[in-house]
Amino acid sequence: MVEKHLLEFLEKIQLLIARNVEIIHFDINRIRRICGIDVAYKGNTGYAVGVSMDFKTEDYYYNSYIGEVNFPYIPGFLFMREAPLMIKAVEGLACDLILVDGHGISHPRKSGIATVIGVLLNFPTIGVAKSKLVGDIIEESGISYVYLNGEKVGVKFGKYFYSPGNKVDIQDCIDLGKKGYPKVLKIADMLTKKLKKE
DNA sequence: GCGACAG
DNA sequence: ATCTTGTCGC
């Protein structure tokens, strides 16, 4: 159980992070290497894997980090559970953009885990989630947008949600989403499950 | 009170 | 996320 005063304190930190987000066009086409990070669990032990893949040849290498996780999963505060491990797994890897398993600004306080990591590392990030956290899905000219308070905060392609983490924009999310679920995240997910089995 | 609710 | 067999669908 997490006390109310702590969650309210964390909300203030999220608001600070949201104030430091940069929504600017990145251009998916200039990616040379792309990173993906994910975490799997076995009890209270978290197994994080960061993958760096050549966007063209799809050759990759990875780094992993294993650590205890005690903060509970609370919708809207996923970063307290996974960001520490994800950052340890991705730091040191070479790439131009990092894809995070979770939402970016498509979050109650526009501070999802992809945004937290992007701002803390001062690096381009995009959040890719398997389900919705907040907002309404509104279709416009063939594209399903996630609207929050009258603002586009993400897009939906198939069963996946893409939202800006930091230093990218909605258009970048559209360009990425059109390519289908990122292979680098599929590999990260696969490695993360393999790691906990060993 | 009821429904929603990333991983 | 994780616990878990067979099974419906593209």
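The sequence lines fix the lettering, A, B, ..., with proteins before strands; numbering per chain opens at 1.
Between the NZ atom of A:Lys42 and the C1' atom of C:dA1 there is a distance of 14 Å, rounded to whole Å. Protein atom NZ of A:Lys196 is 10 Å distant from nucleotide atom C1' of C:dC3, rounded to whole Å. With rounding to whole Å, A:Ile105 atom CD1 is found 18 Å from B:dA6 atom P. Rounded to an integer number of Å, the gap from A:Phe71 CZ to B:dG7 P is 17 Å. The CG atom of A:Asp136 sits 13 Å away from the P atom of B:dA4 (whole-angstrom rounding). Atoms CG (A:Leu85) and P (B:dG7) sit 16 Å apart, rounded to a whole Å. Spacing between atom NE2 of A:His103 and atom P of C:dA1 amounts to 12 Å, rounded to whole angstrom units. Between A:Phe77 atom CZ and C:dA1 atom C1' the separation is 19 Å, expressed in whole Å.
At a threshold of 4.0 angstrom between heavy atoms, the contacts of A:Tyr73 include nucleobase atoms, whether or not backbone atoms are also involved. If you check every strand for non-hydrogen atoms under 4.0 Å, A:Tyr47 touches nothing. Within the 4.0 angstrom heavy-atom criterion, base atoms lie near A:Gly76. A:Ala40 comes within 4.0 angstrom of the backbone, heavy atoms only, and of no base.
Between A:Ser131 and B:dC5 there is no side-chain polar atom (N or O) within less than 4.0 angstrom of OP1 or OP2. Using a 4.0 Å cut-off, some side-chain N or O of A:Lys130 falls inside it from OP1 or OP2 of C:dA1.
Nearest nucleotide to the A:Tyr41 side chain, out of B:dC5, B:dG7, C:dT2: C:dT2. Of the candidate nucleotides B:dA6, B:dG7, C:dT2, B:dA6 has the atom lying nearest to any side-chain atom of A:Pro75.
Put simply, the side chain of A:Phe26 does not reach to within 4.5 Å of the side chain of A:Asp169, judged on heavy atoms.
Between the A:Asn166 side chain and the A:Thr125 main chain, no donor and acceptor come within less than 3.5 Å of each other. A donor-acceptor pair under 3.5 Å is formed between the side chain of A:Gln14 and the backbone N or O of A:Gly76.
Under the 4.0 Å criterion applied to side-chain N and carboxylate O atoms, A:Asp175 and A:Lys179 are not assigned as salt-bridge partners.
More than 12 heavy-atom neighbours from other residues, nucleotides or ligands sit within 6.0 angstrom of NZ on A:Lys132.
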